[in-house]
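Below is one structure, written out as structure tokens, with a few remarks after it.
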Amino acid sequence: MAFAVTSSSAAISVSSFSRSSSSDLKVPQICSFRLADRHATVNLSQKRCAVKPVNAEPKRNDSLLPQAASISAPEVSEKVEVEDFEKLAKELDSASPLEIMDKALEKFGNDVAIAFSGAEDVALIEYAKLTGRPFRVFSLDTGRLNPETYRFFDEVEKHYGIRIEYMFPDAVEVQALVRSKGLFSFYVDGHQECCRVRKVRPLRRALKGLRAWITGQRKDQSPGTRSEVPVVQVDPVFEGLDGGVGSLVKWNPVANVDGIDIWNFLLAMNVPINSLHSQGFVSIGCEPCTRPVLPGQHEREGRWWWEDAKAKECGLHKGNLKQHSAAQLNGNGNGAAAHTDIFNSQNLVTLSRAGIENLTRLQNRKEPWIVVLYAPWCPYCQAMEESYVALAEKLAGSGVKVAKFRADGEQKEYAQKELQLGSFPTILFFPKHSAKPIKYASERRDVDSLMAFVNALR
């Protein structure tokens with residue numbers, strides 16, 4: 001990076017930058033400007049021009065020249081080959097988040113930034129501060145965030161003395177989407193289109209000015225899509241400053257950290273926390289698409305709750321979705337060999353297709369049944385496994401049969417048509433003297449809530 005200042009009265013230079021004489025400078029040119037009143041010329045190379053300022057450093061005044069002459073940006077190492085990052089991921093797999101964060105900032109300096117969503121990923125900013133290195137923070141302002149999140153952004157900026165680099169969606173694209181489909185089209189045809197306009201494209205623009213980015217992804221956040229997230233990887237989806245495949249590196253310092261440990265860290269360090277967390281929100285996104293989670297629910301079930309688990313990625317981390325698992329996540333494959341079965345208990349009856357069909361045809365049953373329609377790969381089914389097994393134990397010998405029916409793959413179309421399957425898991429109660437099952441409408445899946453549902457109907 002070349003930086004030089006010449007003046008009629010004095011020359012200003014910075015030791016970390018190379019000098020050039022005023023005769024070498026040509027005005028006008030890209031990334032150059034002339035301060036006529038001071039007879040000074042500032043020249044920045046085109047390579048550095050594409051990178052935004054270090055916005056996560058302490059707040060600065062509006063004087064450009066002293067500011068530029070006083071900041072020494074960390075050296076940026078040459079891009080490392082893909083295989084080197086695979087090796088580095090293995091070496092750092094057991095490292096602490098602080099060590100991983102330090103390595104990311106050391107390697108990429110001003111060309112790496114932390115992606116901050118306004119939730120518990122504030123831990124990333126705390127880790128960056130603890131390294132003692134300069135760092136940048138950016139966030140995607142979709143225009144649909146909760147008021148609490150906007151206030152949290154302001155609190156974080158004041159607490160750390162930083163300026164968050166906000167990225168906004170293209171106004172023309174948002175206008176076209178809303179005018180053609182309304183403000184809440186995602187409730188009808190899925191959230192992907194809205195997320196693409198409001199989140200994915202702004203992120204793509206932000207990443208084109210970087211060589212690496214830092215995310216708060218954790219393996220325990222979504223067993224279906226994030227269970228294999230490495231601590232560092234070449235980004236499989238987005239491009240960086242140099243363009244092309246392999247031009248962007250993605251760091252995930254808390255990939256191996258459990259959610260409870262993140263919270264223990266935040267509390268121990270007295271870090272600012274989004275007030276939505278105290279209202280039951282765990283995973284926080286846009287206001288129309290986020291709600292609190294209930295007992296027995298997985299944390300990601302508070303996002304896009306009207307859709308199947310297959311859709312719980314907004315597109316920012318779609319590289320987590322593997323090609324071979326796409327059919328399974330969409331319910332198009334049987335997935336029999338890919339996932340271990342769940343809801344395993346001697347008190348549970350496993351129903352086959354013929355078994356569930358016979359149960360639905362019975363007009364007068366000897367005993368009532370409660371049946372969960374599930375898919376073993378679904379993280380929300382996995383999250384309620386413990387409470388459903390506990391329900392089976394409580395109802396053992398009570399005259400109520402507890403059963404499960406795997407309703408993905410080849411059985412999904414039948415379950416949607418005949419068993420009221422909307423998304424996984426779906427819970428049905430078959431009364432003794434009624435052919436039509438009763439669907440459990442509540443999102444509460446703790447054992448007490450399920451028991452109350454059974455007791456009200458048996």
- [ ] Please report the C-alpha distance between Val112 and Ile214 in whole Å, then the side-chain angles of each, then the deciding distance to 0.1 Å, and finally whether the side chain to side chain contact (heavy atoms under 4.5 Å, CB included) criterion is met.
- [x] CA-CA 7 Å; Val112 63; Ile214 302 169; 3.7 Å; yes
Open item on the list: Under the criterion side chain to side chain contact (heavy atoms under 4.5 Å, CB included), I'd like the reasoning laid out for Glu165 against Val137: C-alpha separation, chi angles, the key distance, then a yes or no.
Closed with: CA-CA 6 Å; Glu165 302 172 38; Val137 180; over 6 Å; no
Open item on the list: Main chain of Ser117, side chain of Asp121: is a donor-acceptor contact present, judged purely on distance under 3.5 Å?
Closed with: yes
Open item on the list: I'd like to know if the side chain of Asp261 and the backbone of Val257 have a donor-acceptor N/O pair within less than 3.5 Å.
Closed with: no
Task: Centroid-centroid under 6.0 Å between Tyr374 and Tyr380 rings - done: no
Open item on the list: Distance to the ring centre below 6.0 angstrom and angle to the axis at most 45 degrees; does that hold for Arg136 and Phe116?
Closed with: no
Open item on the list: Between Glu126 and Leu266, is there a side-chain heavy-atom distance shorter than 4.5 Å?
Closed with: no
TODO: Kindly indicate whether the side chain of Phe152, heavy atoms from C-beta on, has any atom under 4.5 Å from the side chain of Pro272.
DONE: yes
Open item on the list: Would you compute the distance between atom OH of Tyr127 and atom CE of Met269 and round it to the nearest 0.5 angstrom?
Closed with: 9.0 Å
Task: Donor-acceptor contact below 3.5 Å, side chain Lys404 vs main chain Phe343 - done: yes
Task: Leu130 side, atom CG; Leu98 side, atom CG - distance, nearest 0.5 Å - done: 6.0 Å
Open item on the list: Regarding Asp446 and Arg444, does a basic nitrogen lie under 4.0 Å from an acidic carboxylate oxygen?
Closed with: no
- [ ] Could you check whether the rings of Tyr414 and Phe405 sit parallel, tilted or perpendicular, using 30° and 60° as the cut-offs?
- [x] perpendicular
Open item on the list: Check this for me, if you would: do Asp341 and Arg406 make a salt bridge, where the nitrogen-to-carboxylate-oxygen distance has to be below 4.0 angstrom?
Closed with: no
Open item on the list: Applying salt bridge (charged side-chain N to carboxylate O under 4.0 Å, His left out) as the test, list every pair that has at least one member in residues 344-363; sequence neighbours left out.
Closed with: Arg353-Glu357
TODO: Measure from the side-chain N and O atoms of Tyr187 to the backbone N and O of Cys289, and report whether any donor-acceptor pair falls under 3.5 Å.
DONE: no
TODO: Could you walk me through whether Tyr388 and Val447 pass side chain to side chain contact (heavy atoms under 4.5 Å, CB included), step by step?
DONE: CA-CA 7 Å; Tyr388 196 71; Val447 65; over 6 Å; no
Task: Parallel, tilted or perpendicular, as decided by the 30° and 60° cut-offs, for the rings of Phe184 and Phe186 - done: perpendicular
Task: Backbone of Ile164 reached by a side-chain donor or acceptor of Glu157 within 3.5 Å - done: yes
Task: Donor-acceptor pair, side chain of Asp111 and main chain of Ala212, under 3.5 angstrom - done: no
- [ ] Assess whether atom CD of Gln420 is packed by more than 12 heavy atoms of other residues, nucleotides or ligands within 6.0 Å.
- [x] yes
Open item on the list: So does His277 get a backbone contact from the side chain of Asn274, meaning a donor-acceptor N/O pair under 3.5 Å?
Closed with: no
Open item on the list: Let's go through Ser387 and Arg445 carefully: what are the C-alpha distance in whole Å and the side-chain angles of both, what is the deciding distance for side-chain hydrogen bond (donor to acceptor under 3.5 Å, both in side chains) to 0.1 Å, and is it a yes or a no?
Closed with: CA-CA 7 Å; Ser387 60; Arg445 295 175 189 142; over 6 Å; no
Task: Salt bridge Glu239-Arg211, side-chain N to carboxylate O under 4.0 Å - done: no
Task: Nearest non-hydrogen partners of Thr142 and Arg198, listed with the distance - done: O-NH1, 2.7 Å
Task: Donor-acceptor pair, side chain of Thr290 and main chain of Glu287, under 3.5 angstrom - done: no
Open item on the list: Ring-plane angle category for Phe138 and Trp213, please: parallel below 30°, perpendicular beyond 60°, tilted otherwise.
Closed with: tilted
Task: Test item: Arg133 side-chain N/O and Ala128 main-chain N/O as donor-acceptor pair under 3.5 Å - done: no
Open item on the list: Is any side-chain heavy atom of Lys250 closer than 4.5 Å to one of Phe238?
Closed with: no
Open item on the list: For Asp189, I'd like to know if atom CG has over 12 heavy atoms of other residues, nucleotides or ligands within 6.0 Å.
Closed with: yes
Could you list the donor-acceptor pairs under 3.5 angstrom formed by side chains in residues 389-402, with sequence neighbours left out?
from	atom 1	to	atom 2	distance (Å)
Ser398	OG	Leu395	O	2.6
Ser398	OG	Val400	N	3.4

- [ ] Check for a donor-acceptor pair, side chain of Asp141 on one end and backbone N or O of Gly143 on the other, with a separation under 3.5 Å.
- [x] yes
